[in-house]
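Working notes, beginning with the structure itself.
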Amino acid sequence: MRFNISSKNLLAHLSLVSKVVNSKNSISILDNFLFELNEEQLVITGSDSETTLSTRVDVVEGEGEGKFAVNVKKLLDLLKELPDQPLQFEVDDNTFEIVITYMNGQYNFVGIDGNEFPRRSAIDVAAKTYTIDVKEILAGIDHTLFASGTDELHPIMMSVFWNITPENVTFVATDTHKLVRYTNNRIQTGVEDSFILPTKPANILKSVLVKAEGDVKISTDAKGAIFESSSFTLSCRFVNGTYPKYNSVIPQNNPYKLVVDRVSLLNAIRRVSVFANASGLVIFQLKENEIYMKAEDREFSTMAEERMMCDYQGEEMLIGFNNTKMIDVLNNISSDTMVITLSGPSRAGVFLPETQEDGEEMLVLLMPMMV
C-alpha cells in the first residue's frame, strides 16, 4: 500500500480521532489508529471499545487496498514536530512495516495488522433512522452539555438526554444541582425516539460537528447509535437506565420575577466570587429595583459586596447560590437580558432568556444553597 497526504491535513484528522482513544486501554490494539486505504480515500478510526469515531480523508496517488494500525502516540508526536509538507506512506502488506518519507528524512517502524482492530458494533436491523441538520444538533449539545454531571458513580447524570418527537427534539442535562431543558421546534424528524447519550461521545460529536455541514444521519437501537455524515461516522453505546422525570422537578409557579442584564450580573458575581469561601456561596438580597450580593470567607477575614440595579417584582428575599454553578448558567444563556423566577430561598430558581431564539425554548433550573 502506498499513498501521499499533507502532514497538516493528516494531523487535523488524527487529532480529532484521538479524542476517542483512552490513555490506558484494556485491549492493546486500541492504543492504535486504524488506517483503511481504498485507493484514493483513507478512513482513520479510533476507539475505546464503547465509542468509535471514523473520519474520511482523500489522499494522492493511492495504490492498493488494506488495513493497518499505527500507534497513536508515535504518529501524533511525529506530526506535531513537522511543518506542513507532503508525506508519503509505504506499507508492506505482509509485515506491516511502515516507511513515512518527508522532505528531509524518513520515519520507519512496524505497524499492526488492521484486522485485529475490533469491529464497530452492528446496529439492529429494526433501528430507527432519521436525519437532523448539523447546526441543530450542535445547538442542542451546546445548550445542555455544561449542566451534565461528572460523578462516575451516577452515569445517568454524565449524559445528555434526547427526547425526539415528530414535531421537535428536547435535549436535557442535569447534575442534580442544575438542570437545563432545551427544546428545538425547528427539528421535525417525523419519528419518536429517546436515548441517553454519555458526555464523552457528546463532546466528541460537538468537536466533529463544528467543521461539518449538511445533515447527520442518526440510526438508533436499544443499545446505541450511529451518527454519520459525509466526513465522519461516530458510533457509541447509550447509558443504561431510566432518565429522571425532569419536567416534574421544574417549578410551575414561581411568583417572584427578576429581570436583569445578564452580562452585568455575570461580571458582578465574578468579582464578588474572588472572596467566597470554599463552598462558593454568594448571598443575594433582592429588593425592589436592586440586587445586593455578598461573599465572605471568615477563615481569612475577607468579604466583598456589590449592588446593581434590576427589575424585581416580589417580596424581599435572601437567597444563596453557588458561584461556579451560577456563572455556568449565565455563561450559557445567550440573551442580553435574563429573567429569573423564584418562590422562596429554599426552592429552585428558574433562569430564562428574556428573548428566546426563533423556534427554541430554553430553561435552566438552579438549586439554592443554605444561607
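Not measured: the values here are computed from a predicted model. Index from 1, following the sequence.
Side-chain atoms of D175 never come within 3.5 Å of backbone atoms of G149 as a donor-acceptor pair (strictly under, hydrogens ignored). Checked by atom type and distance alone, the side chain of N322 pairs as donor or acceptor with a backbone atom of K325 at under 3.5 Å. A donor-acceptor distance shorter than 3.5 angstrom exists from the side chain of K200 to the backbone of V20, with no hydrogens or angles considered. Of the possible polar contacts, one joining the T165 side chain to the N168 backbone as a donor-acceptor pair under 3.5 Å is found. A donor-acceptor pair under 3.5 Å links the side-chain atoms of D92 to the main chain of T95, judged by distance alone. When atom types are taken as modelled, the side chain of Y312 and the backbone of E315 share a donor-acceptor pair closer than 3.5 angstrom. With hydrogens and angles ignored, the 3.5 Å screen pairs a side-chain donor or acceptor of R262 with a backbone N or O of I333. With S15 contributing its side chain and A12 its backbone, the two residues share no donor-acceptor pair below 3.5 Å. For the pair N25 (side chain) and I27 (backbone), a donor-acceptor distance under 3.5 Å is absent. In terms of modelled atom types and a separation under 3.5 Å, the side chain of T189 and the main chain of V191 share a donor-acceptor contact.
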Just list the side-chain donor-acceptor pairs under 3.5 Å for residues 348-357, sequence neighbours left out, or say none.
from : atom 1 : to   : atom 2 : distance (Å)
Q356 : OE1    : M362 : N      : 3.1
Q356 : NE2    : M362 : O      : 3.1

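Remark: E228 pairs with no residue by the side chain to side chain donor-acceptor pair (under 3.5 Å) rule, at least two apart or across chains. With sequence neighbours left out, F195 forms a ring pair (Phe, Tyr, Trp, His ring centres under 6.0 Å) with W162, F238. Shown here are the ring pair (Phe, Tyr, Trp, His ring centres under 6.0 Å) partners of Y107, two or more places apart in sequence or in another chain: F109. With sequence neighbours excluded, no residue forms a salt bridge (Lys or Arg N to Asp or Glu O under 4.0 Å) with R347. The salt bridge (Lys or Arg N to Asp or Glu O under 4.0 Å) test applied to D151 returns no partner, not counting sequence neighbours. Every salt bridge (Lys or Arg N to Asp or Glu O under 4.0 Å) that E50 has, sequence neighbours left out, goes to R237. For D142, the salt bridge (Lys or Arg N to Asp or Glu O under 4.0 Å) partners at least two apart in sequence or on another chain are K206.
Put simply, L266 and V339 are part of two different groups of oily side chains (I, L, V, M, F, W, Y) that touch within less than 4.5 Å, one to the next. Under a hydrophobic-cluster definition in which Ile, Leu, Val, Met, Phe, Trp and Tyr are linked whenever side-chain heavy atoms come within less than 4.5 Å, directly or via other members, L197 and L209 are assigned to the same cluster. By the rule that hydrophobic residues join a cluster once side-chain heavy atoms approach within less than 4.5 Å of another member, V21 and L79 end up as members of one cluster. Linking Ile, Leu, Val, Met, Phe, Trp and Tyr residues whenever their side-chain heavy atoms come within less than 4.5 Å leaves F171 and Y246 in two separate clusters.
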**OP:** For salt bridge (Lys or Arg N to Asp or Glu O under 4.0 Å), just list the numbers for E61 and R2, CA-CA rounded to whole Å, side-chain angles, deciding distance to a tenth of an Å, and then say yes or no.
**Re:** CA-CA 8 Å; E61 298 178 3; R2 177 185 297 176; over 6 Å; no
Original post:
How far apart are the C-alpha atoms of F321 and F284, what are their side-chain angles, what is the distance that settles it, and do they pass the side chain to side chain contact (heavy atoms under 4.5 Å, CB included) test?
Top reply: CA-CA 8 Å; F321 288 106; F284 298 83; 4.0 Å; yes
**OP:** Evaluate the criterion side chain to side chain contact (heavy atoms under 4.5 Å, CB included) for residue pair V208 and L234; output intermediate values, then yes/no.
**Re:** CA-CA 9 Å; V208 298; L234 174 70; 5.6 Å; no
Subject >> Steps toward side chain to side chain donor-acceptor pair (under 3.5 Å) verdict (Y182, E361) >> reply: CA-CA 6 Å; Y182 168 80; E361 298 172 27; over 6 Å; no
**OP:** Please assess L14 against L16 for the test side chain to side chain contact (heavy atoms under 4.5 Å, CB included), listing each intermediate value before the final yes or no.
**Re:** CA-CA 5 Å; L14 293 181; L16 188 62; over 6 Å; no
Subject >> side chain to side chain contact (heavy atoms under 4.5 Å, CB included) assessment of V172 paired with T170 >> reply: CA-CA 7 Å; V172 183; T170 298; 3.8 Å; yes
Original post:
Are D221 and K128 close enough, and set up right, to give a salt bridge (Lys or Arg N to Asp or Glu O under 4.0 Å), and what steps lead you there?
Top reply: CA-CA 7 Å; D221 60 17; K128 296 179 180 179; over 6 Å; no
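Closest approach of Y256 and M317 over heavy atoms only: CD1-CE, 3.2 Å. Taking each heavy atom of I29 and A69 in turn, the nearest pair found is CD1-CB, 4.1 Å. For V329 against F146, the heavy-atom pair with the smallest separation is CA-CE1, 4.1 Å. For the residue pair F117 and L30, the shortest heavy atom distance occurs at CZ-CD2, 4.1 Å. Closest non-hydrogen pair, T199 versus S159, comes out as CG2-N, 3.4 Å. Closest of all the heavy-atom pairs between K217 and S219 is CE-OG, 3.9 Å.
When side chains are defined from C-beta on, R186 counts as touching E360, because their heavy atoms get closer than 4.5 Å. A 4.5 Å side-chain heavy-atom check between C310 and L258 finds at least one atom pair inside the cut-off.
Other residues, nucleotides and ligands contribute only 12 or fewer heavy atoms inside 6.0 Å of the CD atom of E213. Open room surrounds CG on D358; 12 or fewer heavy atoms of other groups in view lie less than 6.0 Å from it.
Applying the salt bridge (charged side-chain N to carboxylate O under 4.0 Å, His left out) test to residues at least two apart or on different chains, the pairs with a partner in residues 275-299 are E290-R307, K294-E296, E296-R298. Contacts classified as side chain to side chain donor-acceptor pair (under 3.5 Å) and involving residues 264-283 (residues at least two apart or in different chains) are given here: D261-S264, R270-N331, R271-E306, S273-N323, N277-S279. Residue pairs satisfying the salt bridge (charged side-chain N to carboxylate O under 4.0 Å, His left out) criterion with at least one member in residues 8-29, sequence neighbours excluded, are absent. Sequence neighbours left out, the pairs with a member in residues 72-85 that pass side chain to side chain donor-acceptor pair (under 3.5 Å) are S6-D84, K73-D77.
D31 and S28 share no donor-acceptor pair across their side chains, judged by distance under 3.5 Å alone. Checking D193 against T220 by side-chain atom types alone, a donor-acceptor pair falls below 3.5 Å. A donor-acceptor pair shorter than 3.5 Å can be found between the side chains of R56 and T233. At a cut-off of 3.5 Å, with distance as the only test, a side-chain donor of N108 or Q106 sits close to an acceptor on the other residue. A donor atom on one side chain and an acceptor atom on the other are found under 3.5 Å apart for N184 and E136.
Of the options L318, I319, V272, a side chain to side chain contact (heavy atoms under 4.5 Å, CB included) to I283 is made by L318 and by none of the others.
Rounded to the nearest 0.5 angstrom, M157 CE and L179 CG are separated by 9.0 Å. Remark: I98 CD1 to E90 CD distance equals 11.5 Å, nearest 0.5 Å.
The ring of F68 has its center no closer than 6.0 angstrom to the ring center of F96.
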